[in-house]
Q: 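Have a look at the structure that comes next, please.
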Amino acid sequence: MQHNLELAVKKGFKEIYDKEIDTVEFQATRKDFEGDITIVVFAFLRYVKGNPVEIGTKIGEYLKLNVAEVEDFNVVKGFLNLVISDSFFISSFNSILKTDKFGIIEPKENEKAVMVEYSSPNTNKPLHLGHIRNNLLGYSVAEIIAASGKKVYKTQIINDRGIHICKSMLAWQRFGNGETPESTGLKGDKLVGNYYVKFDQEYKQEIAQLISEGKTEEEAKKQAPLLLEAQAMLLKWESGDAEIVNLWKTMNQWVYTGFDETYKELGVDFDKNYYESNTYLLGKDVVADGLEKGIFYKKEDGSVWIDLTEEGLDEKIVLRSDGTAVYMTQDIGTAIERFKDYDLNELVYTVGNEQDYHFKVLFLILEKLGFDWAKNLYHLSYGMVDLPSGKMKSREGTVVDADDLMLEMTNTARTISQELGKLDGYADDEKEALYKTIGLGALKYYILKVDPKKRILFDPEESVDFAGNTGPFIQYTYARIQSILRKATFDYTVEITSEDISLHSKEISLIKQIQLFPEVIQNAAKNHSPALIANFTYDLVKEYNSFYQTVPILGCENENEKIFRTQLSLKVSIIIKDAFKLLGISVPERM
RNA sequence: GGUGGCAUAGCUCAGCUGGAUAGAGCACCUGCCUUCUAAGCAGGCGGUCCUAGGUUCGAAUCCUAGUGCCAUCACCA
């Protein structure tokens with residue numbers, strides 16, 4: 001439509017003013033003016049001198065005469081508002097109605113894929129609210145990119161080695177009395193997390209003790225026996241000490257079992273897991289290679305660095321003096337590994353904005369090393385989730401636990417649903433499944449509707465809303481449409497044309513909103529932003545509810561109108577479902 | 001101190017590549033359930049778009065400087 005108009009406007013300018021126009025600027029007509037699409041006339045003043053109203057009027061007249069769909073026009077200041085005919089909207093809707101998976105593009109064969117990394121937890125503690133944001137974002141962005149027409153692989157790199165896990169292991173050895181998830185009934189990740197906290201408590205006591213014996217705080221922190229022991233344990237692990245490796249395997253397995261449960265509840269999954277214990281040695285040979293090429297340089301003590309001062313950054317270490325790898329080394333190696341493992345073109349890292357600098361450096365290094373895909377690496381950087389009390393800290397127990405939070409959301413959904421009491425005839429297990437759908441819908445929407453890069457302040461005291469711009473509001477609209485469709489026992493598969501009906505303004509608004517969906521998906525994929533999908537869906541639902549409340553659907557006197565409105569409802573519900581799927585949110589048949 | 005991000009209604013957030021009188025939700029106030037589910041709809045109240053300059057026919061949006069909050073600048077991850 002826009003394309004046709006653009007051509008017509010260009011042609012009109014040629015005929016009226018004998019001028020070539022490069023582009024025509026369109027926007028949706030604001031609600032308070034008459035019309036459907038607006039051409040910004042100001043932009044033409046570059047080509048033709050004169051009064052914008054006059055120019056707008058001439059172009060308007062030309063379009064009305066030469067473009068069938070343009071029924072009428074009006075000019076307000078420098079804005080040319082065009083009224084588009086019903087027949088355009090009706091035939092546009094008909095083709096949308098016929099399109100299965102409208103707006104969603106299937107990945108092409110033989111095209112290179114995108115890998116999305118998210119979650120990537122440490123194995124010493126349970127997942128918390130921060131991980132929830134990470135998981136929801138990563139999962140959703142992967143879904144969105146897939147819907148935009150690309151093959152996607154979801155992955156995570158599990159931080160299963162290092163001093164942090166040794167701390168949990170040591171505390172368990174010391175104070176655990178052989179506790180297991182089975183013996184305690186605790187989820188494995190919770191049990192291990194408890195020992196991580198236990199370590200910290202005991203460690204702090206030792207520090208206090210040392211300070212009272214006259215050490216400085218700094219000395220005490222470095223000399224506390226527990227820490228020294230944990231470090232010794234790490235060395236043993238690295239040398240392959242059987243007992244330590246066994247303990248490590250056992251405790252990690254506890255954690256994985258716990259994580260799997262949380263991931264399942266949250267509704268996220270992965271195509272491939274990478275483990276740091278397998279990758280932490282990667283990248284060293286690449287560093288050697290880069291050293292030879294002169295990209296890196298060696299300091300006197302043997303450590304290897306890269307100088308990025310010309311790029312406005314610092315010098316960065318890529319290999320320790322003892323030859324061991326740092327985080328950066330490993331990330332270089334892992335990235336290369338992934339491009340070997342899969343036929344990739346892009347790689348998205350879902351990691352908090354505290355690591356902006358790290359990724360900037362990583363991408364730059366890979367580019368300097370000459371990997372042509374380095375320009376297609378993207379750090380999906382998101383803001384922290386803070387509590388009113390400040391930052392969440394696992395060691396201090398000031399975290400909102402992921403499992404607890406999901407449970408609470410389900411409980412809230414249960415309470416509200418029971419108060420409303422609309423679920424007569426539902427079996428108990430159906431009800432429970434529904435509470436989960438609604439509770440998680442509320443949580444996921446709450447987190448995904450905000451721009452990833454902004455920080456979220458989460459107040460556990462104030463529960464997440466279930467009314468207004470929320471997940472349940474949108475789910476509710478879906479359920480209401482399903483109710484209508486259940487009652488629509490007539491045949492509504494026949495095609496309605498502009499011969500049969502004329503459109504209500506609410507129907508036009510609704511069709512206009514529907515038309516945006518494909519573009520929104522592409523935009524969301526390009527910007528890595530589920531928030532765009534959320535906002536679109538909310539607008540769609542608002543339009544629909546207004547339509548629903550204003551005009552009768554099943555109660556229509558006119559058969560053709562009844563059919564058309566049922567079709568509209570059906571398509572809106574499908575788009576709600578598809579859009580929410582991109583956010584990882586499911587929709588209920590009733591609520 | 002250097003670098004990066006953020007700043008819009010009392011609160012939580014939209015605002016696409018600059019375009020009309022800056023939009024939603026929550027909260028507060030008014031109406032609407034004998035009609036398709038009121039987790040809804042219609043309306044009201046509420047704004048120096050952090051500040052000051054600049055570019056432009058036109059700036060919440062772009063540029064510069066400043067202020068505030070956050071992050072980051074380790075042979076930690």
Side-chain angles (χ1 to χ4, degrees), chain A residues 23 25 27-33 38 40-43 45-46 52 76-79 81 122 159 162-164 276 299 301-305 312-328 330-331 352-358 360-361 381 383-384 386 391 413 416-417 419-420 422 438 442 446 449-451 453-457 459 462 464-477 479-488 516 519-520 523 527 531-532 534-535 538-539 541-542 545-556 565-566 569 590-591:
Chain A
T23 54
E25 205 178 318
Q27 56 183 276
T29 304
R30 290 180 62 111
K31 293 256 184 221
D32 13 314
F33 297 93
T38 294
V40 183
V41 184
F42 293 110
L45 296 179
R46 293 205 315 248
V76 181
K77 295 188 194 169
F79 298 92
N81 302 320
N122 291 350
N159 260 289
I163 191 73
H164 50 83
E276 206 189 69
K299 283 196 177 172
D301 61 6
S303 57
V304 181
W305 298 70
L313 305 171
D314 297 315
E315 296 181 351
K316 194 82 189 170
I317 190 162
V318 291
L319 208 60
R320 290 194 187 103
S321 53
D322 62 6
T324 57
V326 292
Y327 191 39
M328 190 64 76
Q330 189 191 144
D331 271 359
N353 63 9
E354 59 205 348
Q355 290 191 38
D356 284 356
Y357 184 73
H358 173 79
K360 207 177 269 181
V361 172
S381 163
M384 297 288 102
D386 291 324
K391 218 174 167 170
I416 294 176
S417 291
E419 275 169 17
L420 293 170
K422 296 183 187 177
I438 298 171
Y446 177 83
K449 78 169 177 183
V450 326
D451 187 332
K453 65 176 179 253
K454 292 196 175 168
R455 71 187 263 268
I456 291 180
L457 188 76
D459 190 346
E462 283 177 45
V464 172
D465 282 332
F466 282 66
N469 186 359
T470 66
F473 165 69
I474 292 166
Q475 290 173 322
Y476 173 69
T477 302
R480 221 158 48 165
I481 296 175
Q482 295 318 300
S483 170
I484 287 182
L485 296 177
R486 280 192 295 271
K487 288 176 183 163
L516 297 176
E519 196 185 326
V520 169
N523 227 326
N527 292 300
L532 297 179
N535 289 332
Y538 176 64
D539 290 338
V541 161
K542 269 193 80 76
N545 283 340
S546 180
F547 159 79
Y548 173 94
Q549 216 86 247
T550 308
V551 304
I553 299 165
L554 299 178
C556 262
R565 287 176 184 174
T566 305
S569 301
R590 281 179 62 179
M591 71 183 271

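Numbers restart at 1 for each chain; the letters A, B, ... are given by sequence-line order, proteins then strands.
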Q: Would you say A:Lys454 reaches B:A7's phosphate, i.e. side-chain N/O to OP1/OP2 under 4.0 Å?
A: yes
Q: Nearest 0.5 Å, what's the CD-OH distance between A:Glu276 and A:Tyr327?
A: 7.5 Å
Q: In whole angstrom, give me the gap between the P atoms of B:A71 and B:U30.
A: 44 Å
Q: For the C1' atoms, the ones on B:G25 and on B:A20, what distance do you get once it is rounded to whole angstrom?
A: 25 Å
Q: Which part of the nucleic acid, if any, lies within contact of A:Tyr538, taking any heavy atom under 4.0 Å across all strands shown: a base, the sugar-phosphate backbone alone, or nothing?
A: sugar-phosphate
Q: For atom CD of A:Glu519, is the number of surrounding heavy atoms from other residues, nucleotides or ligands below 6.0 Å larger than 12?
A: no
Q: From C-beta outward on A:Val450, which listed nucleotide comes closest to its side chain: B:A20, B:A14, B:U37?
A: B:A14
Q: Name the nucleic acid region contacted by A:Met384, choosing base, sugar-phosphate or nothing; use a 4.0 angstrom heavy-atom cut-off, strictly under.
A: nothing
Q: Could you tell me whether A:Tyr357 contacts a base, only the sugar-phosphate backbone, or nothing, with contacts defined as non-hydrogen atoms closer than 4.0 Å?
A: sugar-phosphate
Q: Quick one: which of B:A14, B:G4, B:U37 gets closest to the side chain of A:Asp451?
A: B:A14
Q: Roughly how far apart are A:Trp305 CH2 and A:Met328 CE, rounded to 0.5 Å?
A: 11.5 Å
Q: Taking only side-chain nitrogens and oxygens of A:Arg455, does any of them come within less than 4.0 Å of OP1 or OP2 of B:C6?
A: no
Q: Any idea which of B:G40, B:U72, B:C76 is nearest the A:Arg320 side chain?
A: B:C76
Q: Expressed as a whole number of Å, how far does the C1' atom of B:U48 sit from that of B:G44?
A: 24 Å
Q: How many Å lie between CE on A:Met328 and P on B:U72, as a whole number?
A: 15 Å
Q: Rounded to the nearest Å, what distance is computed from the NZ atom of residue A:Lys453 to the P atom of nucleotide B:G15?
A: 9 Å
Q: Please give, in whole Å, the distance from B:A20 P to A:Phe79 CZ?
A: 6 Å
Q: For A:Val551, report the nucleic acid contact type (base, sugar-phosphate, nothing); a contact means any heavy atom under 4.0 Å.
A: base
Q: Which nucleotide sits closest to the side chain of A:Arg30: B:A24, B:G23, B:A38?
A: B:G23
Q: Counting only side-chain heavy atoms from C-beta out, which of B:C16, B:U37, B:C41 sits nearest to A:Phe473?
A: B:C41
Q: Which part of the nucleic acid, if any, lies within contact of A:Leu45, taking any heavy atom under 4.0 Å across all strands shown: a base, the sugar-phosphate backbone alone, or nothing?
A: nothing
Q: How far, in whole Å, is B:C13 from B:C76 if one measures between their C1' atoms?
A: 36 Å
Q: Scan A:Thr550 against the nucleic acid and name what it touches under 4.0 Å (heavy atoms): base, sugar-phosphate only, or nothing.
A: nothing
Q: How about A:Asn545 and A:Thr477: does a side-chain donor come under 3.5 Å of a side-chain acceptor?
A: yes
Q: Any N or O donor-acceptor pair under 3.5 Å from the base of B:A20 to the side chain of A:Asn81?
A: yes
Q: Report yes if at least one side-chain N or O of A:Lys542 is closer than 4.0 Å to OP1 or OP2 of B:G23; otherwise report no.
A: no
Q: Can you give me the dot-bracket string for RNA chain B, 5' to 3', counting Watson-Crick and G-U wobble pairs with both distances under 3.5 Å, using [ ] for crossing pairs and | for partners on another strand?
A: (((((((..((((.....[...)))).(((((.......))))).....(((((..]....))))))))))))....
Q: Closer than 4.0 angstrom, basic N to acidic O: yes or no for A:Asp451 and A:Lys453?
A: yes
Q: Report which part of the nucleic acid A:Ile163 touches: base, sugar-phosphate, or nothing (heavy-atom distance under 4.0 Å, all strands).
A: nothing
Q: Take the protein atom CG of A:Asn353 and the nucleotide atom P of B:G5, then report the distance between them rounded to whole Å.
A: 11 Å
Q: Atom CD of A:Glu419 and atom P of B:G40: how far apart are they, to the nearest Å?
A: 14 Å
Q: Just verifying a value: how many Å separate A:Lys487 NZ and A:Thr566 OG1, rounded to the nearest 0.5 Å?
A: 13.0 Å
Q: Using heavy-atom distances to pick each residue's nearest nucleotide on RNA chain B, tell me which of A:Tyr327 and A:Asp314 is more 5'.
A: A:Asp314
Q: How should the glycosidic conformation of B:C16 be described, syn or anti, under the criterion that syn lies within 90° of 0?
A: anti
Q: What nucleic acid atoms does A:Glu519 come within less than 4.0 Å of, heavy atoms only: base, sugar-phosphate, or nothing?
A: nothing
Q: So what does A:Ala479 hit on the nucleic acid, given a heavy-atom distance under 4.0 Å: a base, only sugar-phosphate, or nothing?
A: base
Q: What is the distance, to the nearest angstrom, from the CD1 atom on A:Ile484 to the P atom on B:G40?
A: 16 Å
Q: Figure out the CD/P separation between A:Glu25 and B:G18, and round it to whole Å.
A: 8 Å
Q: A:Phe42 on top of B:G58's base, within under 5.5 Å and under 30°?
A: no
Q: Output the rounded distance in Å from CG (A:Asn535) to C1' (B:U12).
A: 13 Å
Q: Can you tell me how far P in B:G68 sits from the matching atom in B:C50, rounded to whole Å?
A: 16 Å
Q: Which whole number of Å gives the distance between the C1' atom of B:A7 and that of B:G66?
A: 14 Å
Q: What contact category does A:Asp32 fall into here, base, sugar-phosphate, or nothing, at under 4.0 angstrom with non-hydrogen atoms?
A: base
Q: On a whole-Å scale, what distance lies between the C1' atoms belonging to B:C11 and B:G18?
A: 30 Å
Q: As a test of understanding, state which of A:Arg455, A:Lys391, A:Lys454 forms a salt bridge (Lys or Arg N to Asp or Glu O under 4.0 Å) with A:Asp386.
A: A:Arg455
Q: What heavy-atom pair brings A:Glu25 and A:Ala43 nearest, and what distance separates the two atoms?
A: OE1-CB, 4.1 Å
Q: How is A:Thr38 classified with respect to the nucleic acid when contacts are heavy atoms under 4.0 Å: base, sugar-phosphate, or nothing?
A: base
Q: Across the strands shown, which category fits A:Asn527 at heavy-atom distances under 4.0 angstrom: base, sugar-phosphate, nothing?
A: nothing
Q: Quick one: on RNA chain B, does A:Glu276 or A:Gly555 contact a more 5' nucleotide (nearest heavy atom)?
A: A:Gly555
Q: Taking atom types as they are modelled, is there a donor-acceptor pair under 3.5 Å from the base of B:A42 to the side chain of A:Ser546?
A: no
Q: Just checking A:Gln355: base, sugar-phosphate only, or nothing, at a heavy-atom cut-off of under 4.0 Å?
A: base
Q: Can you identify which nucleotide, out of B:A20, B:C26, B:C6, has its nearest atom closest to the A:Asp465 side chain?
A: B:C26
Q: Strictly by modelled atom types, are A:His358 and A:Asp331 linked by a side-chain donor-acceptor pair under 3.5 Å?
A: yes
Q: When the C1' atoms of B:A42 and B:A59 are compared, how many Å lie between them, rounded to an integer?
A: 34 Å
